[in-house]
Amino acid sequence: MKRTYLDYAATTPTHPDVLKAMLPYFTDAFGNPSSIYSYGQEAKGAIGEARAKVASLIGARDEEIVFTSGGTEADNFALKGVAFANEERGNHIITSSIEHHAVIETCKYLERRGFNITYLPVDEYGLVDPGDVRRAITEKTVLISVMHANNEIGTIEPIAEIGKIAREAGVYFHTDAVQAVGHIPVDVNKLGVDLLSMSAHKLYGPKGVGALYIRKGTRLVSFMHGGEQEGRRRASTENVPGIVGFGKAAELARQEMGEEAERLIHLRDKLIGGLLESIDHVHLNGHPVKRLPNNINVSIDFVEGESMLLNLDLEGICASTGSACSSSNLEASHVLLAIGLPHEQAHGSLRFTLGKWTSEEEVEQVLEVLPGIVAKLRAMSPLLRSQR
Ligand code: PLP
């Protein structure tokens, strides 16, 4: 059966050009970048080129990019790094209630270590109010961390406005831009961020590699101790093929992002419009306009997300009910609860995320099969019967 992959926010396939760029670094050019002979220097040079490509995708300087093992490590590094380096200044951190687990769980850990965390609410679209950020700042605040774009509902946060507030207050500002980088324009100076997390596998690069942008002069401690790699910020022999792949993916994203976003917005809106039209009791989650070009998240009343997912899978369609990490967890999504959905609606949500290889036909396939699946499930639904 032909498979229709509509879960690009969970991960993307590695682009063939990215794979091609990576392959030599597993074989002929396998050197350790710390070695001084030619093999080492070749690998070191490749890392330098990749760093420049990643930096230029987000308007940073090369030396402000530190490669990590992924988005989760970048988030951990930013939050713990700033918290522990600035403890004598204060112990208060501001974040939002819809962050990825990589941020939320790190904040919970920091709470256990004596930090106070403010989890800001969001509105019905998932937007953080910059005014709330300003009001939450105290003289003990050392860091604000608000994600650039939400992985479940696709809402794009007012990062530049929050950046201005953070700058005026003299507080460090981190954004988890894992879902934004490579998909929408991101410029660290226009956004006014001091730290920004990225992950290669969300933009057609390989898994297990990411980066943290660290603005020059930012005080943070490292938590990987050992060798002197990555400007002494992150010890361990570099993942050379992964970093080269990330660099190539960043280069491709820079070239293709504009046109690709337009194509995806057309497909996204076609799918949203089609679902709202062909199924009754459907609600769009997230902001209608301030959303990622590839994100569709809907709640469909009187059916369970998991049942829809399994039925879609039988038709060869891969989608998600929430973030990848929670798709095996039957608790309602904290993001959907934070935007005010009741538990039943949060459990009846579906996320489709489109990408480079998504075609018009695939969108039409969803519109053809989903209404039938919903009708079948509703006919068996105790949720619906209790409403009648
Ligand atoms: N932050 C966000 C917003 C994400 O969507 C993800 C992955 O789903 C991560 C962080 C974690 O990234 P990684 O899988 O590279 O650790």
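Remember, it's 1-based here, ligands and their atoms both numbered in the order they're listed. Just so you know, residue 1 is the first one in the sequence shown, and it goes up from there. As the structure is a prediction and not an experimental result, all values here were calculated from the model.
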Steps toward side chain to side chain donor-acceptor pair (under 3.5 Å) verdict (Gln345, His283): CA-CA 9 Å; Gln345 276 187 1; His283 321 269; 3.2 Å; yes
Approximate separation, where rounding is to 0.5 Å, of Asp7 CG and Ser320 OG: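 Spacing of CG (Asp7) from OG (Ser320) equals 5.0 Å.
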Per-atom contacts, ligand 1 versus Thr72 - under 4.0 Å to a heavy atom: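 Near Thr72, the atoms of ligand 1 are 11 (C), 12 (O), 13 (P), 16 (O).
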Those atoms of ligand 1 less than 4.0 Å from some heavy atom in Asn151: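 Under 4.0 Å from Asn151, ligand 1 has these atoms: 3 (C), 5 (O).
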Validation row: Leu203, Thr12 side chains within 4.5 angstrom (heavy atoms):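 Leu203 vs Thr12: side chains apart.
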Residue-ligand contact Glu99/ligand 1, heavy atom below 4.0 Å: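 No; Glu99 lies far enough from ligand 1 that no heavy-atom distance drops under 4.0 Å.
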Passing candidate, side-chain hydrogen bond (donor to acceptor under 3.5 Å, both in side chains) with Tyr109, options Glu111, Glu105, Arg113: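 Single side-chain hydrogen bond (donor to acceptor under 3.5 Å, both in side chains) partner of Tyr109 among Glu111, Glu105, Arg113: Arg113.
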Closest candidate by heavy atom, reference atom 4 (C) of ligand 1, pool His201, Glu152, His100, Met198: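 The residue whose heavy atom sits nearest atom 4 (C) of ligand 1 is His100.
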Option nearest atom 3 (C) of ligand 1 (shortest heavy-atom distance, choices Asp75, Asp176, Val103):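 Closest candidate by heavy-atom distance is Asp176.
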Heteroatom proximity flag, Gly71 to ligand 1, N/O under 3.5 Å: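 Between Gly71 and ligand 1 (N or O atoms, distance only) the closest approach is under 3.5 Å.
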Lys/Arg cation over aromatic Tyr8: Lys202, 6.0 Å, 45° cone: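 That pair does not qualify as a cation-pi contact.
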Val363 backbone acceptor or donor facing Lys270 side chain under 3.5 Å: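 It does not hold such a pair.
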Ligand 1 N/O within reach of Glu73 N/O, cut-off under 3.5 Å: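 Glu73 vs ligand 1: no N/O contact under 3.5 Å.
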Those atoms of ligand 1 less than 4.0 Å from some heavy atom in Gly70: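 In order of number, 15 (O).
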Whether Tyr39 and Phe30 hold their rings parallel, tilted or perpendicular, with breakpoints at 30° and 60°: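 Tyr39 and Phe30: tilted rings.
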Structural part of Lys207 in contact with ligand 1, heavy atom criterion under 4.0 angstrom: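 It is neither; nothing of Lys207 touches ligand 1.
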Plane angle bin for His15 and Trp357 - parallel if under 30°, tilted between 30 and 60°, otherwise perpendicular: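 It falls in the tilted class, 30° to 60°.
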For Ser199, atoms of ligand 1 separated by under 4.0 Å from a heavy atom: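 By the 4.0 Å cutoff, the relevant atoms are 13 (P), 15 (O).
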Lys202 near ligand 1 by a heavy-atom separation under 4.0 Å: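 For ligand 1, residue contact (heavy atoms, under 4.0 Å) with Lys202 is present.
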Atoms in ligand 1 with a heavy atom of Met147 nearer than 4.0 Å: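 With Met147 as reference, the close atoms of ligand 1 come out as 3 (C).
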Part of Val178 with heavy atoms under 4.0 Å of ligand 1, whether side chain, backbone, both or neither: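 The answer is the side chain of Val178.
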Tyr5 side chain near Thr11 side chain, heavy-atom distance below 4.5 Å: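 Yes. Closest side-chain heavy atoms under 4.5 Å.
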